[in-house]
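Counting starts at 1 for both ligands and their atoms, following the listed order. Every value quoted in this text rests on a predicted model; they were computed, and no experiment measured them. For this chain, numbers begin at 1 and follow the sequence in order.
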Amino acid sequence: MADTGVLEIILKRIEAVDGGVDSQDVATSLSVDHQVVVGAVKSLQSLGDIILAEQRSSKHWELTGEGQETAEKGSHEARVFSAIPEEGLAQSELMKLPSGKVGFSKAMSNKWIRVDKGHEAGPKVFRMVEKIDDSVQGKLVQIQKGIAADVDEKEKNELKKRKLLTEVTVKSYWITKGPSFSTIITKQEAELTPEMITSGSWKQKSFKPYNFEALGVALDCGHLHPLMKVRTQFRQIFLEMGFTEMPTNNFIESSFWNFDSLFQPQQHPARDQHDTFFLSDPAVSREFPQDYLERVKKVHSEGGFGSQGYKYDWKIEEAQKNILRTHTTAVSARMLYKLAQQGKFTPVKYFSIDRVFRNETLDATHLAEFHQIEGVVADYGLTLGDLMGILHQFFTKLGITKLRFKPAFNPYTEPSMEIFSYHEGLNKWVEVGNSGVFRPEMLLPMGIPEGVSVIAWGLSLERPTMIKYGINNIRELVGHKVNLQMVYDSPICRLDS
Ligand code: PHE
């Protein structure tokens, strides 16, 4: 609350005049900072309709530092003029004066001086007129005194160009009487108390009206991490397309389901220490569907189902090793095996979005864990065309319409395609995912009927999230360096807009 003295002075001033008063004038006459008056205006406004205050802005001209000097000592050209004696002055001498350069050219164009070149010691400058009228100084003095009525805008702009004047904008309030104007300040009550009711004093009080426009205090509540917000959107897209979510609640997986069931050979480089995290306790899994395990072993070591296999000595010890799953395709394998066990085959559309782990070199876009988004469709007679079609539909829902496919390799799909989309911001094609048609060597040992094809694709959740929220370093999104405020402030995610 501003000093009540200033409040009362303002009210008395308004009472005394017909129209209103300007806050700047009040500040000048009281010799206080304008902010003090503004504070008083705000306080008065909070007391109800005592005053009305309208914001105004006005422009006025002020002398610059150089302008003030000019008002005092005369313009550069006038100073040059008065420095030239009757017998003239060498131009080189004149140029050495503080006002020399500017003053010389102005005085020349004013035709106050002339240059005589025919001198041995170089050109000499002479006065051309008896006396001069330094109008620049005159105008500046007028403006300084606030009596600049006969200096027009064009002339002011000219002085501005010479950096002698500047235009400053002044904001102020125009204060007038309000509907409940009074010069006596009574503080409005904000609360009706039991005491006021029993004593009856409420009758004499004035109450502050309710402010129904006021925003409530923001509720303290939990916030979803951006990755979870984007996951919700992807989940929504899959659900719209009729997909069912797979249970992905096991980070630990056996090598059997993560690799072997997917026809990934046991010597495959991705299986070794460098890419996979192995568990030491419990180091192995021992429960596998025995007959299925035999068929997997056979297809790897001897072939079958029309394939010659990899022809190596498949070892159960390798398949038993527990790991942190390296992809959610392990879950897809489990689900397809389960599907094959149900007797009569029914077409399915499955998806999953969950965490996977890889022993990678960490950098700005890679951590040792990330989330995979995976889609799987199983039905009779699905082709690569169906895969491309469904990918178009899926990515269109993300707002990505330009897609390109590049042949690729996965041990478990044939054909395989990397998915590229045109990034409008980066102006180039960027890889957005991987896909393919699962191999018979993977499906037939499971018991999926011949003639059924399974198409699938996968992408990361982090990449679209980083693009969506403009995060360049993954460490700002995941890990101990995450700024919680970023989590609180990131808006909900709409992928298609
Ligand atoms: N599992 C693959 C990966 O880790 C993604 C993928 C899923 C590829 C399904 C083809 C089919 O990148």
Side-chain angles (χ1 to χ4, degrees), residues 231 234 237-238 241 243-246 248 250-251 253-265 268-272 274-277 323-337 339 348-360 365-379 382-395 403-421 430-443 446 448 452-464:
R231 180 173 71 172
F234 274 102
I237 288 170
F238 276 116
M241 289 170 71
F243 283 64
T244 314
E245 189 160 5
M246 294 186 266
T248 48
N250 58 307
F251 291 168
E253 188 54 278
S254 60
S255 296
F256 178 77
W257 287 109
N258 194 86
F259 298 124
D260 296 281
S261 72
L262 288 158
F263 198 52
Q264 192 147 327
H268 193 283
R271 289 177 72 142
D272 85 21
H274 306 297
D275 283 35
T276 305
F277 289 112
I323 59 166
L324 290 178
R325 69 174 174 223
T326 63
H327 56 183
T328 47
T329 317
V331 180
S332 304
R334 280 179 177 272
M335 290 300 284
L336 288 168
Y337 171 74
L339 175 70
V348 293
K349 290 195 270 189
Y350 289 147
F351 79 94
S352 65
I353 309 171
D354 210 343
R355 202 176 289 215
V356 300
F357 308 85
R358 289 185 195 172
N359 197 352
E360 287 192 270
T365 52
H366 293 87
L367 289 181
E369 58 186 274
F370 64 100
H371 290 75
Q372 273 192 336
I373 303 169
E374 185 152 318
V376 178
V377 184
D379 200 355
L382 290 177
T383 64
L384 199 63
D386 290 300
L387 177 57
M388 291 162 103
I390 210 158
L391 288 173
H392 269 291
Q393 192 188 358
F394 177 79
F395 281 97
L403 285 189
R404 267 187 192 170
F405 303 105
K406 180 178 155 192
F409 174 79
N410 295 309
Y412 39 90
T413 53
E414 181 60 37
S416 311
M417 304 185 301
E418 276 170 4
I419 311 158
F420 285 77
S421 93
V430 295
E431 198 197 323
V432 290
N434 186 3
S435 68
V437 183
F438 283 136
R439 298 186 75 108
E441 291 97 327
M442 167 187 161
L443 301 177
M446 288 176 168
I448 296 279
V452 168
S453 340
V454 183
I455 55 179
W457 71 98
L459 56 144
S460 92
L461 178 64
E462 278 74 3
R463 185 132 184 205

N/O contact list for ligand 1, threshold under 3.5 Å:
residue: ligand 1; atom: 1 (N); partner: His327; partner atom: ND1; Å: 3.2
residue: ligand 1; atom: 1 (N); partner: Thr329; partner atom: OG1; Å: 2.8
residue: ligand 1; atom: 1 (N); partner: Tyr412; partner atom: OH; Å: 2.9
residue: ligand 1; atom: 4 (O); partner: Arg358; partner atom: NH2; Å: 2.8
residue: ligand 1; atom: 4 (O); partner: Gln372; partner atom: NE2; Å: 2.9

Residues in side chain to side chain donor-acceptor pair (under 3.5 Å) with Asp379, at least two apart?
none
Return the minimal non-hydrogen interatomic distance between Ala378 and Val454, and the atom names on each side.
CB-CG2, 3.7 Å
Given the rule in the side chain to side chain donor-acceptor pair (under 3.5 Å) test, do His327 and Gln372 qualify, once you have shown the distances and angles that lead to the verdict?
CA-CA 7 Å; His327 56 183; Gln372 273 192 336; 5.3 Å; no
Just to verify, what does Thr326 make a side chain to side chain donor-acceptor pair (under 3.5 Å) with, not counting sequence neighbours?
Asn258
With sequence neighbours left out, what residues match Arg231 under side chain to side chain donor-acceptor pair (under 3.5 Å)?
none
Using a strict 4.0 Å threshold on nitrogen-to-oxygen distance, state whether Glu360 and Arg358 make a salt bridge.
no
